[in-house]
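Just below is one structure, and these are the notes that go with it.
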Amino acid sequence: MNAIQYEAPGSVEDAVALLAQANGEARVLAGGTDLLVQMRAGLVRPGLIVDVKKIFDMTLIAPDDGGFRIGAATCGERIGANNSLRAAWPGVVEAAKLIGSTQIQSRATIGGNLCNASPAADSVPAIIAAGGTCTVAGPDGRRDVAAGDIATGPGQTSLGKGEMVVDIRLPARPPRSGSAYLRFIPRTEMDIAVVGAGVCLSLDEGGVCTAARVTLGAVAPKVLVVEAAADALIGTPVDETALQALAAAASAACEPIDDIRGTVEFRTKVAGVLARRAAGIALERAGSN
Amino acid sequence: MNDATAPIAGAEAIAFTVNGRPITVAAAPAKRLAAALRDDLGLTGTKVGCDAGDCGACTVLIDGAQFCSCLVPLGRIAGSEVTTVEGLEFGPLQAAFHRHGAAQCGICAPGLLIAATDLLRHTPAPTEQEVADALGGVLCRCTGYRKIVDAVLDVGGDDGGKVPSSGAAVGARTVKVDGIAKLTGEARFGADAVPTGALWLKAVRAPYPARFTVGELGPLRAAHPGLVRVLAAADLPCNAFGIYPELRDQPVLADGLARYRGEAVLALVGDRDSLALVDAGSVPVSYEPIQAVHGLDAAMAKDAPRVQADKPGNLLVEGGVVSGDADRAWADCAALAEGVFETSAVEHAYIEPEAGWARRTGDRIEIHVSTQTPYMDRDETAHVLGLAPDQVRIVPTTCGGGFGGKLDLLVQPLIARAAWLEGRPVAWVLDRPESMAASTKRHAARITARIGADDEGRLRAASVDAVFDTGAYASWGPTVAGRVPIHGCGPYRLANVRARGRAYFTNTAPAGAFRGFGVPQTAIAHEALIDDLAASLNIDRLEIRSRNALRPGDRTATGQVLGDSVGLAACLEALLPDWHAALAEAEAFNAADPRSRRGVGIGCMWYGIGNTAPSNPSTMRLALSRDGTLTLYNGAVDIGQGSSTVLAQVVADTLGVPVDRVRMVVGDTDRTDDAGKTSASRQTFISGRAAQLAGEDLTQRILRLVNAGADASLDLDGPSLTVTDGGARHRIDLTALPEDADGAVLAGAGRFDPPTTPLDADGQGTPYATYAFAAQMAVVDVDLALGMTRPVYIHAAHDVGRAINPTLTEGQIHGGIAQGLGLALMEEYLPGRTENLHDYLIPTFCDMPGITVTLIEQAEPLGPFGAKGVGEPALIPTAPAILGAIRHATGVRVTRVPALPHRLRAAIRDMERANG
C-alpha cells in the first residue's frame with residue numbers, strides 16, 4: 001500500500017492541473033464525509049487527494065443572473081443559512097440540510113453530494129428539479145453540464161480525467177413557482193434516503209400549472225426525472241385528480257432495488273406518496289410568492 | 001475485514017491551536033484529526049466510536065463549529081483553532097450533566113458536551129427541539145437521551161447535587177461518584193491509556209464461514225519488518241473458552257474452520273504503523289466456503305449440516321417448565337389466542353468498541369480492559385493461557401457501554417498471550433465494523449405461543465415454544481434457553497403452563513448476553529396474545545392484565561410462592577389515568593388527521609433478578625484506614641448504570657456517614673473480591689446487599705471496640721471516629737490502631753448469595769430470590785401510506801423495590817426504553833450488511849418519545865433497603881407496548897420485528913386487501 005499525496009491548491013486551475021497530472025487514482029476532497037469514510041473502509045485507495053476547500057471561490061454562494069451560483073465546496077450549513085437562497089429555492093435548501101447531522105453539516109458539501117454519485121444523494125433530486133446546471137473545469141477549460149448529467153450510475157460520473165465540478169447554478173425562480181424536497185428514512189434523522197422526491201412547479205395567474213419538474217432519488221441507478229409525473233400536473237390546477245395521476249406516474253417510473261432499507265414494492269409506493277406530498281408543499285409555496 | 005486508512009507518508013509540520021495552546025504536529029496532512037488528537041497529543045477525551053461520521057463521539061469544535069474529528073484531515077486544519085472536551089471549563093453545562101446523570105457510561109459525553117457548547121453559544125435558551133437538532137448527530141446507547149436533553153435545558157439551574165446528610169443517601173438523587181471524570185475527558189476507557197511503546201494487535205478475520213489454510217508467512221514478515229509475531233490457533237496453550245466451564249466450545253483463534261463471518265483466524269502483532277500497512281488481502285490465508293447454516297429453519301432441518309461436529313441436530317440446549325396440565329385446560333377456555341412471532345439478531349452497539357491492553361509482570365499477566373465481568377475474564381484467560389487464575393490480574397477500565405456484549409471474552413486472551421510471549425505491552429482496539437462482525441448479538445428468536453382464558457378473561461393455560469438462533473458457539477445460549485421458559489408466559493397467574501426454550505447453532509456470530517436474556521423477545525409474544533384475548537372477550541387491555549397480574553403470595557409456573565415485593569398491580573394502577581386519557585386522545589386525533597393514525601398499547605413484564613438458579617454470590621469489603629479514609633473494595637464493575645454510586649449510598653447509610661466519604665476500588669481482581677458479573681440486573685440487589693452486610697459488619701466491629709449498643713451512631717472526622725451511644729460519646733483514635741496488611745485499621749466484609757434452588761426436570765423450584773415487575777404504555781402515530789411508526793409518548797411504571805437513586809433508576813428506564821424501541825422498530829443485524837452505524841440504525845435524539853416514569857417501591861426484604869433491580873426490566877415491556885400501539889392504530893398485529901416501514905406497509909396493504 002502506497003502513501004497518499006495530499007495537496008490543497010488555492011485555485012481551480014491548480015487543482016485541475018494536479019488532477020490531470022496524477023499517475024494513479026486521484027480524488028477531490030471537499031467535505032471529506034464520503035471520501036474519508038470510503039478510504040477508511042478500503043473502498044477507494046487514491047494516490048492523490050486534492051483538497052478544494054482552500055479555493056475561496058468554491059465555497060461562496062453568489063447571485064448569478066437573477067439566480068444563484070453555489071460553489072461546489074459549500075457546506076450544507078452555509079446553504080441553510082442563506083436566506084435569499086432559501087426564499088428562492090426552498091427545495092434545494094431543505095435537501096442540502098438533510099445531508100448528515102449537525103456534526104456533519106459544517107463540512108459536507110453540495111458538490112461532494114453530487115459527485116459522490118449516490119443514487120440516494122439528497123441534494124441531487126432537488127437541484128435537478130430546480131433546473132440546476134454545473135460548471136465543470138478540466139484540462140480543456142470549462143463547460144456547462146446539466147446537474148442531472150453528472151452522475152451516470154452508482155458511484156460513476158461523466159467527469160473526465162482532471163475534471164471537477166466547480167459550482168452549481170440555479171436559475172432565477174420564475175414567478176408563482178414553488179419547490180420542495182422530501183425524503184423517507186426509517187428513523188427521524190441521519191440515514192440514507194430510502195426514497196427522495198423533488199418537485200418544482202410554476203402556476204399562471206389563474207392557478208393553473210404551467211411548468212413542472214418531478215425528480216426521484218434512490219429508486220433507480222441515478223436520479224430519475226419523471227416527465228409523466230410533471231405532465232400530470234401541467235395544465236391542471238394541481239387538484240386531487242392531478243396529484244393522484246402524479247403519484248401513479250412517479251410510482252410507475254421507479255426501477256428500485258430490494259435492500260435492507262426497503263423492498264421494490266415499498267420504494268415504488270413511497271415514491272408516489274412522497275412525490276405527491278412534495279407537490280402539495282411546492283403548490284403551497286407557489287401560491288404564496 | 002477492512003483495512004485502516006493507508007498511513008500517509010510525507011509527514012509535515014502542521015501548526016494549529018488546541019484548547020488555546022499553539023501546537024505543531026509532525027504528521028501526514030491526510031491523517032485524521034481524531035487520531036492526531038488521541039495518539040499524537042494524548043487528548044484521549046475525544047472518543048472514536050465509528051471512525052465514519054456516524055456516531056459523533058469524536059465531535060470537536062473547529063474554529064467554533066462542531067464537527068466529527070474523524071472526518072477531518074489534519075492538512076485541513078492548519079491555522080485553525082480546535083477545542084476538545086479537555087478545553088472546556090467545568091461550568092454550568094457540565095454541572096447540569098452531572099446533576100441529571102446525563103452521562104451513564106460516559107463515552108458519548110465529550111461529543112455531547114462539545115455539541116451542547118456550540119449550541120449554547122448561539123442559542124443560550126434553546127427549546128427541546130433545538131437541543132435535539134444540535135446534539136442529534138451524537139449517538140448515545142445508555143441514556144435514551146432524556147437526561148441529556150433535561151441537562152441542556154437546565155444549564156444554570158438549581159444545583160441539587162448537594163451531598164445528602166448522614167443516613168439520608170438512600171433514596172436521594174446523589175450525583176454519580178464517578179461522574180465528574182466522565183465530563184472532563186479524564187475517564188480512561190479501554191483505548192485511552194495504552195502505554196507508550198506498546199505493541200498492537202490486529203486480527204485477520206474470515207470473510208465468510210470457511211475452512212481455511214494459512215500459507216507461508218515469510219513474505220508477509222519480510223514485507224513488514226514491524227510485524228513481530230503472528231499468532232495462530234496452535235500458539236494458544238488451550239484454544240477454547242466459554243461462559244460455562246463445561247461448554248468451552250469457542251476457539252480464541254479458529255483452527256482450520258471458521259464457523260462465522262468475522263471469526264478471528266490469525267492475530268498479527270507488531271508496531272502500530274506496520275500493522276496499519278498490512279492489507280488483509282496480503283495475508284496468506286486461503287478460504288474454502290463451507291455449506292453454511294443460516295437461520296433457524298436451516299439449523300433445525302432434518303439433514304442440516306452440523307455447525308459443531310459433536311452437536312447433533314445443531315441443538316445446543318433445551319430448557320422447560322411444566323406445571324398443571326395445559327393440554328387439558330385448553331378445553332375449559334372461553335377464548336384462545338395463538339401466534340408465531342419472530343425477532344431479529346440485535347447488535348449491542350455500545351459506542352465504545354472492545355478495547356484493552358495487557359502486560360506481563362514476571363510470571364503474571366495484567367489486563368486492562370473494558371469489561372462487565374473481571375472475574376470471568378480472569379478465569380477464562382488463565383484457562384486459555386494455561387495459567388492459574390491468580391496469575392492473571394484484570395484491571396477494568398471505564399466501560400463505554402456493555403449491555404451484555406462485554407460479558408464475553410474478545411480481546412482478553414489474545415492480548416494476554418501476545419504480551420506473555422513478547423514481554424511487552426500489547427494493545428488492541430477494535431474498529432466498528434470488526435466489533436460488529438465479531439461480537440455477540442441478541443438471539444434471533446421464533447416464539448410459538450398459545451394462551452387461553454375463561455369468559456372473564458382469567459388466564460387458564462399457556463404454552464410457549466421458543467427457539468433461538470444461538471450462532472456458531474454456545475456463549476450465553478444456555479442462559480437464554482433456561483431463563484425464557486420461566487418468564488415465557490408473562491407476569492400472570494397461570495395454573496397450567498408448558499414452556500420450552502431451545503437454542504440452535506448456526507453459522508453466524510455467536511448470540512450472547514443482551515439485556516434481558518431472551519425475555520424481551522418472549523414478551524413480544526405473550527403480550528400480543530393477551531391483547532388478542534382482550535379483543536375477543538371485549539375487555540380493556542389494561543384491565544385484563546390487572547385481573548391476571550401476579551400478586552404477593554401467588555404461585556409461579558415454577559412452583560415458587562412469591563413474597564411481598566410483587567408490584568405489577570400497582571404499576572398498572574399507576575398507568576390507569578394516563579391509559580384512559582390516551583385512549584380518548586387517540587380517538588380524537590384519528591377523527592381529525594387522515595394521514596396518520598394514533599394508537600395506544602401496553603406491555604407488562606416480570607424479571608428474575610440474578611442468575612437463574614445457580615449460586616451467584618457477591619462479596620464486598622470495607623476498610624477504614626488510619627487517616628479515616630473509608631474504602632469499599634468493590635468487585636462489581638460499573639458499566640455506566642451507576643452501581644458504584646448505588647453501593648456508596650448503601651454503605652453510607654449503613655454506617656451513617658455522608659456518601660462522599662466512601663472511597664472505592666472497583667473491579668481490580670487483585671484488590672477486590674468476586675462480586676459476580678454485571679449482568680442479570682443483579683448488582684444493586686446482590687452486591688448492594690453484600691455492601692450493606694459489609695457496612696453492618698464494620699459497624700459492629702467499631703461498636704464492639706467501645707462496647708456501644710446497636711443504636712449508637714458514628715461520626716467519622718479524619719483520623720478521629722466518634723461513637724455516640726445514648727448520652728455517651730466514645731472517641732476512637734484511628735492512628736492508634738494496628739494496621740493490617742492492606743493498611744486497614746478496621747474492616748468489614750459482607751457476602752450475599754440470593755437464596756435459590758435448582759430446577760427439577762419440569763422446571764420446578766425457586767430460580768430467583770426476587771423478581772422485578774413493570775408495565776409500560778406507549779402512544780404511537782403511524783403514517784399509513786409510508787408504514788412509518790413514530791412513538792410519541794411512553795409511560796413506564798416499574799416496581800424496583802426501592803429506588804436507591806431515583807435519577808439513576810430513571811436513567812436505566814429511559815435507556816431501556818430506547819433499546820426496546822430499537823428492537824421494535826429499527827434494529828436488525830445482518831452479517832456483512834449492517835456492520836456499521838449508518839446501515840445499522842439505533843435510535844437518535846429525535847426518535848425518542850416523551851417519557852413519564854413512575855417508580856413503584858414494593859420493598860424486597862432481601863434487598864438492600866428493599867431494592868431489587870431495573871437494568872433489564874427497563875427494556876422488556878417497551879417493544880410489546882409499541883407493537884400494541886401499532887395494532888391499535890392500524891389493526892395490524894406485527895409478528896416480526898423490527899417493524900420496519902416496508903414490513904408494516906406490506907402488512908397494512910395485506911389487511912386493506914383482506915378487508916376489500
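Below, read A as the first sequence line, B as the second, and so on, with proteins coming before strands; counting in each chain starts at 1. What you see below is based on every heavy atom in this structure, not just the backbone, and it leaves out hydrogens, waters and symmetry mates.
- In this structure, chain A has heavy atoms under 4.5 Å from both the backbone and the side chain of B:Arg76.
- Taking CZ of A:Arg187 as the reference point, atom CG of B:Leu825 lies at 13.0 Å (rounded to 0.5 Å).
- With a 4.5 Å cut-off on non-hydrogen atoms, A:Val270 touches chain B through its backbone and its side chain both.
- The CZ atom of A:Arg261 lies 10.5 Å from the NE2 atom of B:His902; values are rounded to the nearest 0.5 Å.
- The CG atom of A:Leu36 sits 9.0 Å away from the CG atom of B:Asp51 when rounded to the nearest 0.5 Å.
- Formation of a donor-acceptor pair under 3.5 Å by the A:Gln103 side chain with backbone atoms of B:Gly137 is found in this model.
- Proximity to chain A (any heavy atom under 4.5 Å) is shown, for B:Val60, by neither the backbone nor the side chain.
- Taking B:Gly787, B:Ala906, B:Gly75 one by one and counting their heavy-atom pairs under 4.5 Å with chain A, the maximum is reached by B:Gly75.
- Residue contact with chain A, scored on non-hydrogen atoms closer than 4.5 Å, involves the backbone of B:Asp54 exclusively.
- Chosen from A:Ile49, A:Thr188, A:Leu274, the residue pairing most often with chain B at heavy-atom distances under 4.5 Å is A:Thr188.
- Counting heavy-atom pairs closer than 4.5 Å to chain A, the top-ranked of the candidates B:Leu119, B:Thr844, B:Leu786 is B:Leu786.
- Between chain B and the residues A:Val37, A:Ile104, A:Thr263, the largest count of heavy-atom pairs under 4.5 Å involves A:Ile104.
- Using a 4.5 Å heavy-atom cutoff, the side chains of B:Asp279 and A:Arg45 are in contact.
- The distance from atom CZ of B:Arg909 to atom CZ of A:Phe266, rounded to the nearest 0.5 Å, is 11.5 Å.
- For the set A:Gly100, A:Ser101, A:Gly272, A:Gly32, the entry with the most heavy-atom pairs within less than 4.5 Å of chain B is A:Ser101.
- With a 4.5 angstrom heavy-atom cutoff, B:Ser282 does not touch chain A via any of its atoms.
- Comparing B:Cys58, B:Gly136, B:Pro73, B:Pro843 by heavy-atom pairs within less than 4.5 Å of chain A, the highest count is held by B:Gly136.
- Within 6.0 Å of CD in A:Glu13 there are more than 12 heavy atoms belonging to other residues, nucleotides or ligands.
- Enclosure of atom CZ in B:Arg790 is not indicated, since only 12 or fewer non-hydrogen atoms of other residues, nucleotides or ligands lie within 6.0 angstrom.
- Proximity to chain A (any heavy atom under 4.5 Å) is restricted, for B:Asp783, to the side chain, taken from C-beta onward.
- To the nearest 0.5 Å, atoms CZ (A:Arg107) and CD (B:Gln66) are separated by 11.5 Å.
- Judged purely by atom type and a 3.5 angstrom limit, A:Thr102 uses its side chain to pair as donor or acceptor with the backbone of B:Asp133.
- Chain A forms more heavy-atom pairs under 4.5 Å with one residue of B:Leu900, B:Leu830, B:Thr59, B:Asp839 than with any other, namely B:Asp839.
- Listed options A:Val273, A:Leu29, A:Ile260 were ranked by heavy-atom pairs under 4.5 angstrom with chain B; first place goes to A:Ile260.
- Neither the backbone nor the side chain of A:Arg267 comes within contact range of chain B, judged by heavy atoms closer than 4.5 Å.
- Ranked by heavy-atom pairs under 4.5 Å with chain A, the list B:Gly53, B:Pro898, B:Ala785 is led by B:Ala785.
- Residue contact with chain B, scored on non-hydrogen atoms closer than 4.5 Å, involves the backbone and the side chain of A:Lys53 alike.
- Only the backbone of B:Cys70 comes within contact range of chain A, judged by heavy atoms closer than 4.5 Å.
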*Could you check B:Met826 against A:Asp191 for side chain to side chain contact (heavy atoms under 4.5 Å, CB included), going step by step and ending with a plain yes or no?*
CA-CA 12 Å; B:Met826 60 179 81; A:Asp191 191 18; over 6 Å; no
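- There is no contact between A:Leu35 and chain B, counting heavy-atom distances below 4.5 Å.
- Across B:Ala134, B:Ala223, B:Ala115, the residue that shares the most heavy-atom pairs under 4.5 angstrom with chain A is B:Ala134.
- Note that CE of A:Met39 is 7.0 Å distant from CZ of B:Arg32, once rounded to the nearest 0.5 Å.
- Contacts of B:Leu837 with chain A are made by backbone atoms alone, with heavy-atom separations under 4.5 Å and no side-chain atom involved.
- For B:Leu841, the parts sitting under 4.5 Å from any heavy atom of chain A are the backbone and the side chain alike.
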